[in-house]
Trainee: 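Here it is, the structure in full.
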Amino acid sequence: MTKPPSFDERPLSASPFNEEYWSGFLPNDDKLREECGIFGVIGVADASSFVALGLHALQHRGQEAGGIVTYDTEHGFNSARRFGYVRDNFTNTSVMQTLPGSLAIGHVRYSTTQSKTGPKGQTAIRDVQPLFGEFAMGGAAISHNGNITNANSLRRDLIERGSIFHSSTDSECIIHLMARSTRTSIPERMEDALNHIEGAFSIVAMTRTKLIGVRDPLGVRPLVIGRVGDDGWVLSSETCALDIIGADFIREVKPGEMIVINNDGLNSRFPFAAAKPRFCIFEHVYFSRPDSLIGGQSVYETREAIGVELAKEAPVEADLVCPVPDSGTPAAIGYARQSGIPYSMGIIRNQFVGRTFIEPTEHIRNMGVRLKLNVNRALIYGKRIILVDDSVVRGTTSRKIKEMILNAGAAEVHFRIASPPTAWPCFYGVDTPQREKLLAATMSEEEMCAHLAIDSLKFISLDGLYRAVGEVNGRNATYPQYCDACFSGDYPVLPSDMIDSGFQLKAAE
């Protein structure tokens, strides 16, 4: 009799904690999703517990799977990788006892469409990070946030030269490039490897004695430095994860910077050619937690400012401003303040739905977004409603929410969107549908409004978004201050693998 696969061996689709299991009828199936969050700590006792807490705070950046690697002198490197939420896996005493040491890194994952190459495009446990490699000078583990845009060509070249890949993730290219480097230390080998890579990368890595952090020269994805206790150092995707462990925020890792931390302290160097930074502007809009800081700015306050700018650009007569929870809330508050229209919670979010134990029968599927969102009927009946959301991707969820609002008796429904139209896919670590599935790629704003069957639809302009994030003169078209490729089609790093597969760049204007 064939032995059934263990939980860790099953493809993600076999897990009831899989969001794809519910795809198509939970409201967040129509959102762009960050690929992952990364976290590392050195110089603290029971480092794995710190990492588990940090990953819990970064859970919004990746919910498919997570992993932790630690090192201690008695047991060497120790690893645990699991599918599902951090809270369901790394609060277990028996798991955490297998992860001793004062040095640890971790990763939470949501794989991009391009990286899903298992059965039916699903994730397998071998793809879950951190990834580990054993080199002549010792072992190293790596957690990567971003996407390598030349990974396919690198992979083909490495396989032809004898490399044997164990996962489908683009991040494994870094391990193989390090293995082939002739440099004499692991940080130097990592530097050598990353100089062969195109795309976006923020990395937290570890050796037996060092914690390493790196950002690509454009600084597309975030990475910050913190201090905890007297001797501890922390690297994290966001500042909110520092707060949960009581760490002090020191500064951001700079674009193109490599940080190496050991018992002697922190060493910084810049091993890449200088470039004009192009941080992902959508981190301000949606990806980052509202209680994080980006570039010294409060994410929450920036999202309120986006709502203010949106109200200036797209006013409309209405009775209530309501957010689409939770990501539309700060922008809705800003819109209401600027417009003078009362803010109200016209839609209530059920916090306890998501990875539920209920088997998704056809009847439950037909309930749609009502599993997670419910209309406050007494509040909106007979009212003209402005719904503020962070983005429109495919438009499927927007249609369902509109129907709920109208069925509850609203007189009018007006959508105001806190980002420009998403018309281009992201190749730098965000799960984006194929371009033809993006509503804004095939329709004008007026056509989208008619398609959604609402009274009006307005997006913030790209210049307006730039003003809201602090660029008072808007977007510099010659030298854009951010990566805004998902709105503009202006890719700061050519997605060479996708171009080789037939992707058409935006025609020159």
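Both backbone and side-chain heavy atoms feed into the values below; hydrogens, waters and symmetry mates do not.
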Trainee: Distance-only, no hydrogens or angles: does the Glu172 side chain make a donor-acceptor pair with backbone N or O of Ile175 under 3.5 Å?
Mentor: no
Trainee: Show the nearest heavy-atom pair for residues Ile245 and Leu53, with the distance to one decimal.
Mentor: CG2-CB, 3.8 Å
Trainee: Take Arg416 and Ser456, measure what side-chain hydrogen bond (donor to acceptor under 3.5 Å, both in side chains) needs, and give me the verdict at the end.
Mentor: CA-CA 8 Å; Arg416 293 297 179 267; Ser456 72; 3.1 Å; yes
Trainee: Looking at every heavy atom in both Ala57 and Ala241, which two are closest together, and how far apart are they?
Mentor: CB-CA, 3.6 Å
Trainee: Taking the side chain as every heavy atom from C-beta outward, state whether His144 and Asp170 have any pair of such atoms under 4.5 Å apart.
Mentor: yes
Trainee: Within the 4.5 Å heavy-atom criterion, are Val214 and Met190 side-chain neighbours or not?
Mentor: yes
Trainee: Is the shortest distance from a Lys or Arg side-chain nitrogen in Arg467 or Glu313 to a carboxylate oxygen in the other one below 4.0 Å?
Mentor: yes
Trainee: Any ion pair linking Glu445 and Lys458 (charged N to carboxylate O, less than 4.0 Å)?
Mentor: yes
Trainee: Check the pair Leu235, Leu211 against side chain to side chain contact (heavy atoms under 4.5 Å, CB included), reporting the backbone distance first and the verdict last.
Mentor: CA-CA 8 Å; Leu235 295 171; Leu211 180 66; 3.8 Å; yes
Trainee: Contact between Gln481 and Tyr466 at the side-chain level, heavy atoms closer than 4.5 Å - yes or no?
Mentor: yes
Trainee: Can you label the angle between the Phe282 ring and the Phe487 ring as parallel, tilted or perpendicular, going by 30° and 60°?
Mentor: tilted
Trainee: Looking only at the side chains, is there a donor atom on one of Ser168 and Asp127 sitting less than 3.5 Å from an acceptor on the other?
Mentor: yes
Trainee: Hey, do the aromatic rings of Phe39 and His107 have their centres closer than 6.0 Å?
Mentor: no
Trainee: Looking at Arg269 and Glu188, is any side-chain nitrogen of the basic one under 4.0 Å from a carboxylate oxygen of the acidic one?
Mentor: no
Trainee: So does Arg278 pair up with Asp490, basic N to acidic O under 4.0 Å?
Mentor: yes
Trainee: For the pair Arg227 and Asp248, find out whether any cationic side-chain nitrogen is under 4.0 Å from an anionic carboxylate oxygen.
Mentor: no
Trainee: Could you grab the distance from atom OG of Ser292 to atom NE2 of His60, nearest 0.5 Å is fine?
Mentor: 6.0 Å
Trainee: Counting distance only, does the side-chain N/O of Asn150 pair as donor-acceptor with the main-chain N or O of Ile197 below 3.5 Å?
Mentor: no
Trainee: For residues Ala200 and Arg221, report the shortest heavy-atom separation together with the two atoms involved.
Mentor: CB-CG, 4.3 Å
Trainee: Could you grab the distance from atom CG of Leu55 to atom CD1 of Ile105, nearest 0.5 Å is fine?
Mentor: 10.0 Å
Trainee: Would you say Asn374 and Ile347 make side-chain contact, with heavy atoms under 4.5 Å?
Mentor: no
Trainee: Heavy atoms only: give me the nearest Ser288-Arg303 pair and the separation to one decimal.
Mentor: O-NH2, 2.6 Å
Trainee: With the side chain counted from C-beta on, respond yes when Phe272 and Arg215 share a heavy-atom pair under 4.5 Å apart, and no when they do not.
Mentor: no
Trainee: Could you walk me through whether Tyr335 and Tyr343 pass side chain to side chain contact (heavy atoms under 4.5 Å, CB included), step by step?
Mentor: CA-CA 9 Å; Tyr335 192 103; Tyr343 168 90; over 6 Å; no
Trainee: Counting C-beta onward and ignoring hydrogens, is there a side-chain heavy-atom pair between Val253 and Met258 closer than 4.5 Å?
Mentor: no
Trainee: Find out whether Leu218 and Val493 are in side-chain contact, i.e. whether some heavy atom of one side chain is under 4.5 Å from a heavy atom of the other.
Mentor: yes
Trainee: Flag yes if more than 12 heavy atoms outside Glu317 fall under 6.0 Å of its CD atom; otherwise flag no.
Mentor: no
Trainee: Would you name the heavy atoms of Gly265 and Trp233 that are closest together and state the gap between them?
Mentor: CA-NE1, 4.5 Å
Trainee: Under a plain distance cut-off of 3.5 Å, with no hydrogens placed, do Glu436 and Thr442 share a side-chain donor-acceptor pair?
Mentor: no
Trainee: Can you tell whether the side chains of Arg156 and Asp497 come within less than 4.0 Å, N to carboxylate O?
Mentor: no
Trainee: Does Ser171 offer a backbone N or O that forms a donor-acceptor pair with the side chain of Asn147 under 3.5 Å?
Mentor: no
Trainee: Restricting to non-hydrogen atoms, name the atom on Pro290 and the atom on Ser298 that form the minimum distance, rounded to 0.1 Å.
Mentor: O-OG, 4.3 Å
Trainee: Does Phe270, at its CZ atom, have more than 12 non-hydrogen atoms belonging to other residues, nucleotides or ligands within less than 6.0 Å?
Mentor: yes
Trainee: For a side chain to side chain contact (heavy atoms under 4.5 Å, CB included) check, start with the C-alpha distance between Thr329 and Val324, then their side-chain angles and the critical distance, and finish with the verdict.
Mentor: CA-CA 7 Å; Thr329 300; Val324 176; over 6 Å; no
Trainee: Taking the side chain as every heavy atom from C-beta outward, state whether Asp390 and Ser419 have any atom pair closer than 4.5 Å.
Mentor: no
Trainee: Answer yes or no: are there more than 12 heavy-atom neighbours, outside His414 itself, under 6.0 Å from its atom NE2?
Mentor: yes
Trainee: May I ask you to say whether Glu283 pairs ionically with Arg61, meaning some side-chain N is under 4.0 Å from a carboxylate O?
Mentor: yes
Trainee: Is it the case that the ring center of Phe503 lies less than 6.0 angstrom away from the ring center of Phe427?
Mentor: yes
Trainee: Does the pair Arg475/Asp484 count as a salt bridge with the N-to-O cut at 4.0 Å?
Mentor: yes
